[in-house]
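These notes concern the structure reproduced below.
Here the structure is a predicted model, which is why all the values come from computation and not from measurement.
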Amino acid sequence: MKIVNPATEEAIAEMEMADAAEVDRTVERARRAFPAWRSVSPGDRARLLRGFARTVEEHAEELARLEIANAGHTVGNARWEAGNVRDVLDFYSGAPERDHGRQIPVPGGVDITFAEPLGVVGVIVPWNFPMVIMMWGAAPALAAGNTVVVKPAEWTPLTALRLAELALEAGLPEGVLQVVPGEGEVAGARLVGHPDVRKIVFTGSTEVGRLIAAKAAEQVKRVTLELGGKSANIVFADADLDRAAATAPMAVFDNSGQDCCARSRILVEHSVYDDFLLRLGQAVQEVKVGDPLDPASQMGPLISAEHRDRVRSFVTGPAGVYATGSCPSGPGYWFPPSVLTAPEGFDPVDIEPGGSHAAFRRAFTEEIFGPVVTVVPFEDEAHAVQIANNTQYGLSGSIWTRDVGRALRVARDVEAGNLSVNSHSSVRYWTPFGGFKQSGLGRELGPDALAAFTETKNVFISTEWTSTE
């Protein structure tokens, strides 16, 4: 398979896709490596992970350049992503020595618990943030004593493969962290169905997540699923409108909108709706879309021509385009940042398909995964929450208000796993990340991530002794 630079449409590598037999061989190597890896003392495992983090730091610019070429990320984003890989490894390098069990008071003896690693963990990675999401799953799994097999997305395998090489350079034993490039329907399906893989970590579409959950259930295999999103950015009339409007574009258009946390539904209190739109339109015009290697570029290309066609389908026809930015012409999968506004009479609480506003309703309810944002007005706090929750998703979102009480009320009422007030920050590696409803199962990152990669073993030791004499 040819690996293509989405900014130039030039082939940059040729990749052989693994078949099911190759997946089997990879899993077998991981299975054989597991007993020795789980037996590495906590301090030594921590030192190996810290060494891995240092090796990543030494190769950070190389990794960033690979991500720019392979995924079309801007240079600023790609450098942040390489740094995030290093930081996640650093954070979880402290975990092996803190993976504590408990002593539970019981009569007649002592009861203790152990956090035991699962075995082989499969991590299936999407194409939108390849190296970052790989390490969100791999780092805590490795810290807990598991071996890991990574299946990267077909379009973006390069950083995953390089990270596996760097792990070996840093001293991780053979078989502990492996990467197997392949198609989802072949390599991914075999990884999910393999009886020696004890857990699957998957980030991707809700549709595929359902299939993985069903397949894993046949073996009662554990899963962590981080799936789709259609997050709300709720702007109240008392908010700092200038700041809310200025930051709203990149809350959607970062990584060209290819982000499950994108705040792709902006809900604005009716009394300031027109004022906000004027500010938003100006901010969108100022978004710089261009060469990913240019430090001034805020947005690069979409991942493929196929994906660009899908994104375009949301803004053609009677969808109500309010404003668009600019983008380069010529080679590359470029698409301009676009704002769609609600047509007169549109009911944002009604999410049934079809009807007189079918085009806008589709854009308002489906995950576009591109630089397109929809904007609708709301009447009051209760209405805003009703609109925000009227979706199958529940991953992220933002709330803009100067009223602390309102911020807390709305944050508690919105059905989403990650919310920010007067901010669009979704992810910190030291805090939990995951979604409600069909945005996924389980949580990644944060201090408790190792619990997702271990089993609790309970051991009772009797202190009672009866002499036979």
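Ring centroid separation for the pair F129 and W136 does not come in under the 6.0 Å cut-off.
Taken to the nearest 0.5 Å, the NZ atom of K215 stands 8.5 Å off from the CZ atom of R190. To the nearest 0.5 Å, the span separating OH on Y429 from CG on D90 amounts to 7.5 Å. In this structure, CD1 on I200 lies 4.0 Å from CG on L191, to the nearest 0.5 angstrom. Rounded to the nearest 0.5 angstrom, L395 CG and L227 CG are separated by 9.0 Å. The CD atom of E169 sits 5.0 Å away from atom NE2 of H59, with the distance rounded to the nearest 0.5 Å. Here CE of M135 is found 7.5 Å from CG of L142. Values are rounded to the nearest 0.5 Å.
A salt bridge does not link R443 with D448: every distance from a Lys NZ or Arg NE/NH1/NH2 to an Asp or Glu carboxylate oxygen is 4.0 Å or more.
No option in S426, S425, S420, S439 other than S426 meets the side-chain hydrogen bond (donor to acceptor under 3.5 Å, both in side chains) test with S396. H73 pairs with exactly one of R79, Q258, E81 by the side-chain hydrogen bond (donor to acceptor under 3.5 Å, both in side chains) rule, that one being E81.
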Between R428 and L445, does a side chain to side chain contact (heavy atoms under 4.5 Å, CB included) hold up when you go through it step by step?
-> CA-CA 8 Å; R428 297 174 179 83; L445 303 175; over 6 Å; no
Residue pair V414, N389: steps toward the side chain to side chain contact (heavy atoms under 4.5 Å, CB included) verdict = CA-CA 6 Å; V414 170; N389 288 343; 4.0 Å; yes
Should E62 and R65 be marked as a salt bridge (charged side-chain N to carboxylate O under 4.0 Å, His left out) after you check the CA-CA gap, both sets of side-chain angles, and the distance that decides it?
-> CA-CA 5 Å; E62 175 195 353; R65 295 281 169 164; over 6 Å; no
Apply the test side chain to side chain contact (heavy atoms under 4.5 Å, CB included) to residues M134 and V85: give CA-CA distance (whole Å), side-chain angles for both, the deciding distance (0.1 Å), then the verdict.
-> CA-CA 9 Å; M134 168 185 168; V85 170; over 6 Å; no
Would E28 and R31 satisfy salt bridge (charged side-chain N to carboxylate O under 4.0 Å, His left out), going step by step from the backbone distance to the final call?
-> CA-CA 5 Å; E28 177 60 18; R31 188 188 67 80; 2.7 Å; yes
Could you walk me through whether M17 and E154 pass the side chain to side chain contact (heavy atoms under 4.5 Å, CB included) check?
-> CA-CA 8 Å; M17 296 287 104; E154 298 96 301; 4.2 Å; yes
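Side-chain atoms of T365 and K230 form no donor-acceptor pair, as typed in the model, at a separation below 3.5 Å. In this structure, a donor-acceptor pair under 3.5 Å is present between the side chains of R362 and S313. Side chains of D254 and N77: a donor-acceptor N/O pair is present below 3.5 angstrom, by distance only. Counted by atom type alone, D87 and W430 present zero donor-acceptor pairs between their side chains at under 3.5 Å.
Between L280 and P249, some side-chain heavy-atom pair lies under the 4.5 Å cut-off. The side-chain heavy atoms of P181 and L161, taken from C-beta on, include a pair separated by under 4.5 Å. Considering only heavy atoms from C-beta on, V311 stays 4.5 Å or farther from F369 through its side chain. Using a 4.5 Å heavy-atom cutoff, the side chains of P157 and N70 are in contact. Residues V4 and Y333 form a side-chain contact, since some pair of their non-hydrogen atoms from C-beta on lies under 4.5 Å apart. Considering only heavy atoms from C-beta on, F360 comes within 4.5 Å of L340 through its side chain. Side-chain atoms of V56 and F52, non-hydrogen and from C-beta on, do get closer than 4.5 Å to each other. Looking only at side-chain heavy atoms (C-beta outward), T156 and I303 come within less than 4.5 Å of each other.
Residue M299 comes nearest to P337 through the heavy atom pair CE-CD, 4.0 Å, listed as atom of the first residue, atom of the second, then distance. Minimum heavy-atom separation, P328 to V289: CD-O, 3.6 Å. Contact record, P96 with A143: CG-O, 3.5 Å, taken as the closest heavy-atom pair. Here the closest non-hydrogen pair linking F453 and V201 is CE2-CG2, 3.6 Å. For P130 against V125, the heavy-atom pair with the smallest separation is O-CG1, 3.2 Å. Contact record, L177 with A164: O-CB, 4.2 Å, taken as the closest heavy-atom pair.
Judged by distance alone, the side chain of R308 and the main-chain N or O of G332 form a donor-acceptor pair under 3.5 Å. T147 contributes a side-chain N or O that, together with a main-chain N or O of A30, makes up a donor-acceptor pair within less than 3.5 Å. Here the side chain of R222 pairs no donor or acceptor atom with the backbone of R198 at under 3.5 angstrom. In terms of modelled atom types and a separation under 3.5 Å, the side chain of T159 and the main chain of E67 share no donor-acceptor contact. A distance-only check finds a donor-acceptor pair linking the side chain of Q298 to the backbone of K288 [under 3.5 Å]. Formation of a donor-acceptor pair under 3.5 Å by the R86 side chain with backbone atoms of E57 is not found in this model. Judged purely by atom type and a 3.5 angstrom limit, N233 has no side-chain atom pairing as donor or acceptor with the backbone of G397. Put simply, the side chain of R38 never gets that close to the backbone of A33: no donor and acceptor are under 3.5 Å apart. Formation of a donor-acceptor pair under 3.5 Å by the Q178 side chain with backbone atoms of T26 is found in this model. The closest donor-acceptor contact from the side chain of R265 to the backbone of I387 lies under 3.5 Å.
The environment of E306 atom CD is sparse: at most 12 non-hydrogen atoms of other residues, nucleotides or ligands sit within 6.0 angstrom. Atom CZ of R310 has more than 12 neighbouring heavy atoms from other residues, nucleotides or ligands inside a 6.0 Å radius. Around CD of E61, the count of heavy atoms belonging to other residues, nucleotides or ligands within 6.0 Å exceeds 12. Shown here is R210, whose CZ atom has more than 12 heavy atoms of other residues, nucleotides or ligands within 6.0 Å.
Residues that satisfy the ring-ring contact (aromatic ring centres under 6.0 Å, His included) test with H307, not counting sequence neighbours, are W127. Remark: E415 pairs with K437 by the salt bridge (Lys or Arg N to Asp or Glu O under 4.0 Å) rule, at least two apart or across chains.
Classified by interplanar angle (parallel below 30°, tilted 30° to 60°, perpendicular above 60°), the ring pair F346/F364 is perpendicular.
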